[in-house]
Amino acid sequence: MRLARHIVSDVEHLRHVVKEISRHDHFAWDIETIGEYATTPIRNDVAWIAFSAPGVDAVIPMRHPIGNKIIGERKEPRTDKNGKVRNFRVPVWDEPPPQLRPSIVFEETYELFESDREKVAQNLTFDAISIAKHRGGSLPKPPFHDTLVSSWLLDENRLNGLKPRVREEFGSDYDQGKTGKHIATTLFNDVARYNLLDTRFTRWLRNRNLKGLEDQRLFPVFRLEMDVLEVLLSMGMEGAPLDVPALHSLKDHLEKLIEQQEADVYRSAGKAFNLNAPRQVAEVLYSPKAKGGQGIKPTKLTAGGKKKKQAGERVTFLDYTTDADALEKAAGNPVVDALLAFKESSKLLSTYVYGYLGDATAKDRPCQIHSGKIHTNFKQYGTVTGRFSSSEPNLQNIPRPGTDLGKRIRGLFIAPPGYKLIVADYSQIELRILAHFAGPGALHQGFLDGIDPHTITAAGILNLPHDQVTGEQRTDYGKRINFLIGYGGGEHLLAEVAKIPLTEAQNIIGQHEASFPEIYAYKKKLLSVARSRNPPHIRTLTGRIRRVPDVISPTKWIRQKAERQIINSHIQGSAADIIKIAMVRTHSLLPEGAKLILTVHDELVTLVPDTLIEEARVAIHEGMLGEGIKNLISVPLESDTKVVDRWSEAK
DNA sequence: CTGTCCTGCGCT
DNA sequence: AAAGCGCAGGACAG
Ligand SMILES: Cc1cn([C@H]2C[C@H](O)[C@@H](COP(=O)(O)OP(=O)(O)OP(=O)(O)O)O2)c(=O)[nH]c1=O
Ligand SMILES: [Mg+2]
Ligand SMILES: [Mg+2]
């Protein structure tokens, strides 16, 4: 490859390239980003952009900081993590060649991204949101092909990053040096080559994946996913508004609280130790009183401890778990009680408060708040079942409002003045899907009759009348137990979770089998279908595939685990299908000004101007439950919808 | 210094 | 040995 002629550094060349690309009905693009916020699409600086179409490969540098050779060395004082100032030797490079200004590049390429050509990228949301900044906030227009998503649909179990995919499909290993991780300090021509190859291989991969989608009859799901991608773009641009002053007060509150709780533990234990270090905690709790410990009898091994035992090694009390469950069994011991209190607040402070505010002294802990909003990364390819995952930060594990601290954290997510949050969550979603798949029987009939199985289960276990089951009891003794049993949980775990004797747990599982034979028949059939295919797999409601080769493993425990995964994936994956369809429908039905901002597996959070509440409510209802979605399953779909100022108020 | 594993825990 | 996630801190390897 003659690299130089693909590098675009003047406007005439750029215009020529745009014209060449325009002759095709699709093109791939890829960007390289730099700066403190290189991996934050709403904030990063786009330093390079490259395009690829059949017969066209062009790479356009815009703000690469360095040239092609090292010309010296410089000492730079930096503070290390212990706060000490040290001198680091850093290379000095020559100046980069002349580069086009981003404003010109995005002006000249503007129409390409507006056109009806298919726009191809690997992890398209990142590249699209990153360039929207330079396009006056305008996102590229569909149609799209995200090769990360198509690769994932074709095989959810493998690494679907560009490098491993290219290695697999084309046998090329073009970046052993991990250029992508440090663009700003990589030589100009090396970045150019890297950016060009990424883009070209993305286009090639698109062509490969199109064939695969066809072969595996995955086009309908792929089209759904590309519609979902548009919604994710909008959500990524919008972000979730945060009550920043309240976050700072909460920080002060938690820091004071934790200081006290820490002191409480040390006082009761008679010594100081690292409360975040499980082995140190185990030492204090489980070593005999004579040796200065608490002499508590350890109950359950850690995963590592179990392995040791299997391997025939000796286990000590350092191999026993110090998790909250184990500690609760020793409740009453002052060290344990103080430790439990500490664990709750320290988890919340480090994950949700420091996590959002970041640490100015550590560049791997950036502040996650931008103009009062948090923009999570919803990964469309983030699970093997079809659900999204959420990261940087994860907004799908915000504490429930059941405790004071949980309420204060969930309450940080707000509607600004003049707006409301509409929070809509499907009712018993996966149980309804199970009823659909299992067909006629008690569960199916129950849903037709309007029952709430979570409340019924909780009432049964707690021996309470239905109308006396609290929301928390419904979750802890209803939901958890229904899904535990439904997804193949054993009697010991059931006894543990439900806090009932083993015999009662055995009874409950036996009764379940007797009351819902159709569920067990469905599972059996599903597994035999899965096993009959090569490789073993199932398809969800929309035809999404989950491949579980382990279901034919000769090893019993591996095979049985795979069986549970198949059953769970069929149902969880179908629930994911439903929420994805609902997102696409809702997005297009919402009035201008109302925006979907979050999704939590079976929940949609929408930010709505006060004036549009009723319109938006109707749109969300229609999106989640209307014709065309409710027909997907044979039991009614229901949702629970709340209009609130703070997320914590929806419960 | 960076990267990886383990333990533990937040959520659906 | 219900399923599916991501993140923090400690411990350790390089
Ligand atoms: C809480 C929980 C949920 N899930 C799955 C199944 C649920 O249907 C799905 C959504 O979770 P939830 O919305 O918490 O539960 P739900 O929809 O069954 O009940 P509700 O009427 O209160 O909304 O996530 C589990 O697999 N295990 C669990 O412990
Ligand atoms: Mg629900
Ligand atoms: Mg939910």
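Proteins come first, then strands; the chains are lettered A, B, ... in the order of their sequence lines, and each starts at number 1.
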**OP:** Summarise protein proximity over nucleotides 4-14 of chain C in one line of letters, 5' to 3': B for base, S for sugar-phosphate only, - for none, counting protein heavy atoms closer than 4.0 Å.
**Re:** BSBSSSSS---
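In this structure, Arg564(A) reaches the dA3(C) phosphate: one of its side-chain N or O atoms is under 4.0 Å from OP1 or OP2. Regarding contacts with the backbone of dG8(B), a side-chain N or O of Thr321(A) is found under 4.0 angstrom from either OP1 or OP2.
At the heavy-atom level, Leu484(A) lies under 4.0 Å from base atoms of the strands shown. Note on Ala575(A): nothing from the nucleic acid sits closer than 4.0 angstrom, heavy atoms only.
With sequence neighbours left out, Ala246(A) forms a side chain to side chain contact (heavy atoms under 4.5 Å, CB included) with Asp243(A), Leu412(A). Applying the side chain to side chain contact (heavy atoms under 4.5 Å, CB included) criterion to Pro91(A), with sequence neighbours excluded, gives Ile70(A), Trp93(A). Considering only residues two or more places apart in sequence or on other chains, Asp337(A) meets the side chain to side chain donor-acceptor pair (under 3.5 Å) condition with none of them.
Listed for the Gln280(A) side chain is a donor-acceptor partner under 3.5 Å among the backbone atoms of Asn274(A).
Taking atom CD of Gln428(A) as the reference point, atom C1' of dT12(B) lies 14 Å away to the nearest angstrom. A straight line from CG of Leu275(A) to C1' of dC9(B) spans 16 Å, rounded to a whole angstrom. Whole-Å rounding puts the Leu254(A) CG to dG10(B) C1' distance at 14 Å. Taking atom OH on Tyr352(A) and atom C1' on dC11(B), their separation rounds to 7 Å, with Å as the unit. Residue Leu405(A) contributes atom CG, which lies 16 Å from atom C1' of dC11(B) at whole-angstrom precision. Distance Gln560(A) CD to dA2(C) C1': 13 Å, rounded to the nearest Å.
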Return a table of donor-acceptor pairs under 3.5 angstrom between the side chains of residues 500-507 of chain A and protein atoms on other chains or two or more places apart.
residue, atom, partner, partner atom, Å
Gln506(A), NE2, Glu491(A), OE2, 3.0

Can you list, pair by pair, the side-chain donor-acceptor contacts under 3.5 Å of residues 421-432 of chain A, counting residues two or more places apart and other chains?
residue, atom, partner, partner atom, Å
Tyr426(A), OH, Met624(A), O, 2.6
Gln428(A), OE1, Arg432(A), NE, 3.3
Gln428(A), OE1, Arg432(A), NH2, 2.7
Gln428(A), NE2, Asp452(A), OD1, 2.9
Glu430(A), OE1, Tyr487(A), OH, 2.5
Glu430(A), OE2, Arg387(A), NH2, 3.2
Arg432(A), NE, Ser427(A), O, 2.9
Arg432(A), NH1, Pro636(A), O, 2.7

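Taking only side-chain atoms of Lys343(A), from C-beta outward, the nucleotide of dT12(B), dA2(C), dG8(B) with the closest atom is dG8(B).
The shortest heavy-atom contact between Asn276(A) and Phe342(A) is OD1-CE2, 3.8 Å.
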